[in-house]
Undergrad: 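Quick one: structure below, then a few questions.
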Amino acid sequence: MRAAHVEAFMAWLQAGIAPDVHDSDAPLTADGQVVHGSYVIVFDTGPDSLDEGRVTASQQVSSPGNYRFVTRSVGVDPFAARRVRDAVAARLTGVRLEVAGRVCQPIYLDPSNAPVKRDTSLLPPLYFIEDDWIVPSDRA
C-alpha cells in the first residue's frame with residue numbers, strides 16, 4: 001500500500017509542477033554537488049495510522065489510513081523557495097489521488113507554520129520550506 005501511495009503522489013506532482021520533483025534526496029551535479037536551483041524533494045513517512053475503527057479489529061496493511069508526505073520546497077533565495085512552495089500547494093491541495101483498490105479523500109496540508117529556513121551547510125546557501133501533506137485512504 002505504501003509504495004502505491006508514493007507512486008501516485010510523486011506522479012501527480014511531477015505531471016503538473018514546473019520545479020523538478022525528487023524522491024527523498026536533492027539532485028546532484030555531475031561532480032556530486034547539490035544543485036543550486038528551484039526544486040521539490042518529497043519524503044514519505046508512511047501512514048500515520050492504520051485503523052479499522054473497531055476495537056476488536058486487527059490492524060492490516062490494507063486498513064484505512066492517513067498517509068503523510070513531507071515536501072521540501074527549495075530555492076536559491078527565500079522568495080524562490082516560497083514560489084516553489086506555492087506551486088506545490090496549488091498542485092496538491094484538495095486533490096484526490098487515484099490508487100488502485102483505494103478511495104482517497106482530498107489531500108490536505110497539516111499546518112505547521114514552517115518558516116523559510118537557510119541551509120548553511122552549502123555554499124552558497126539554499127533556502128527551503130517543509131510542509132506535511134496528508135492523504136486519507138480507505139479500501140475501495
Side-chain angles (χ1 to χ4, degrees):
M1 288 293 114
R2 183 174 177 175
H5 286 83
V6 172
E7 288 170 9
F9 190 91
M10 294 291 292
W12 181 257
L13 259 182
Q14 289 169 338
I17 195 167
D20 292 334
V21 180
H22 302 275
D23 186 359
S24 303
D25 208 356
L28 301 176
T29 62
D31 61 349
Q33 300 299 312
V34 172
V35 170
H36 280 72
S38 294
Y39 49 87
V40 179
I41 305 169
V42 176
F43 304 91
D44 82 284
T45 64
D48 284 347
S49 63
L50 294 173
D51 186 8
E52 292 294 332
R54 300 185 320 270
V55 175
T56 58
S58 51
Q59 185 182 57
Q60 300 175 21
V61 173
S62 62
S63 294
N66 290 327
Y67 287 78
R68 181 177 298 268
F69 295 86
V70 177
T71 56
R72 180 177 293 165
S73 301
V74 179
V76 295
D77 58 44
F79 287 102
R82 289 183 193 107
R83 282 189 295 276
V84 172
R85 194 267 177 205
D86 287 350
V88 169
R91 183 71 181 153
L92 292 178
T93 304
V95 167
R96 291 177 185 256
L97 293 180
E98 293 183 18
V99 177
R102 307 295 289 184
V103 174
C104 294
Q105 297 304 313
I107 298 173
Y108 65 91
L109 176 66
D110 187 6
S112 64
N113 298 320
V116 176
K117 296 179 183 175
R118 183 179 178 180
D119 184 349
T120 57
S121 68
L122 302 169
L123 290 175
L126 285 171
Y127 296 82
F128 65 93
I129 304 168
E130 290 184 338
D131 288 308
D132 286 24
W133 298 92
I134 307 298
V135 178
S137 177
D138 201 349
R139 290 184 194 92

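Numbering starts at 1 and runs along the sequence shown. Just so you know, these numbers come straight off a predicted model, no measurement behind them.
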Undergrad: Looking at every non-hydrogen atom in both residues, tell me the closest pair between G94 and P106 and how far apart they are.
TA: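 Heavy atoms of G94 and P106 come nearest at O-CB, 3.6 Å.
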Undergrad: Among the clusters formed by ILVMFWY side chains lying less than 4.5 Å apart, do V35 and L28 turn up in the same one?
TA: yes
Undergrad: Please name all residues satisfying side-chain hydrogen bond (donor to acceptor under 3.5 Å, both in side chains) with R82, sequence neighbours left out, ordered by chain then number.
TA: none
Undergrad: Show me the pairs that pass side chain to side chain donor-acceptor pair (under 3.5 Å) and involve residues 85-94, at least two apart or across chains.
TA: R85-D131
Undergrad: Who pairs with W12 by side-chain hydrogen bond (donor to acceptor under 3.5 Å, both in side chains), at least two apart in sequence or on another chain?
TA: none
Undergrad: Check ring pair (Phe, Tyr, Trp, His ring centres under 6.0 Å) between F9 and all other residues, then give those that pass, not counting sequence neighbours.
TA: F69
Undergrad: For the residue pair L126 and G75, what are the closest heavy atoms and their distance?
TA: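 Nearest heavy atoms, L126 then G75: CD2-O, 3.5 Å.
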Undergrad: Provide the full list of salt bridge (Lys or Arg N to Asp or Glu O under 4.0 Å) pairs with a residue in residues 105-130, sequence neighbours left out, each pair given once.
TA: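 Sorted result for residues 105-130: R68-D110, R72-E130.
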Undergrad: Please report the shortest heavy-atom distance between V99 and A4, naming the atom on each side.
TA: CG1-CB, 3.8 Å
Undergrad: Could you list all the salt bridge (Lys or Arg N to Asp or Glu O under 4.0 Å) pairs where at least one residue sits in residues 31-41, not counting sequence neighbours?
TA: none
Undergrad: Using the test side chain to side chain contact (heavy atoms under 4.5 Å, CB included), find all partners of D77 that sit at least two apart in sequence or belong to another chain.
TA: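 D77: side chain to side chain contact (heavy atoms under 4.5 Å, CB included) contacts with F79, A80, R83.
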Undergrad: With the side chain counted from C-beta on, respond yes when R139 and P64 share a heavy-atom pair under 4.5 Å apart, and no when they do not.
TA: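 When only atoms from C-beta onward are counted, P64 and R139 do touch, with a gap below 4.5 Å.
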Undergrad: Can you tell me how far the OH atom of Y67 sits from the CG atom of D44, to the nearest 0.5 Å?
TA: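 Spacing of OH (Y67) from CG (D44) equals 10.0 Å.
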Undergrad: Please determine which of T29, L122, D25 meets the side-chain contact (heavy atoms from CB on, under 4.5 Å) test together with V34.
TA: L122
Undergrad: Rounded to the nearest 0.5 Å, how far does CG of L97 lie from CD of E7?
TA: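 Answer rounded to 0.5 Å: 12.0 Å.
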Undergrad: Does the side chain of Q105 come within less than 4.5 Å of V103's, by heavy atoms?
TA: yes
Undergrad: In the hydrophobic cluster built from side-chain contacts under 4.5 Å, what are the other members alongside Y108?
TA: I134
Undergrad: How would you list, by chain and number, every residue that makes a side-chain hydrogen bond (donor to acceptor under 3.5 Å, both in side chains) with S137, sequence neighbours excluded?
TA: H5, R102
Undergrad: Measuring from D20:CG to L13:CG, what's the distance to the nearest 0.5 Å?
TA: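 Spacing of CG (D20) from CG (L13) equals 12.0 Å.
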Undergrad: Quick one: hydrophobic cluster around I129, which other residues, with the 4.5 Å side-chain cut-off, linked directly or via members?
TA: V116, Y127
Undergrad: I need the minimum non-hydrogen distance between V84 and S38, along with the two atoms involved.
TA: CG2-CB, 3.7 Å
Undergrad: So, using side-chain hydrogen bond (donor to acceptor under 3.5 Å, both in side chains) as the criterion, who are the partners of H22 when residues are at least two apart?
TA: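 None.
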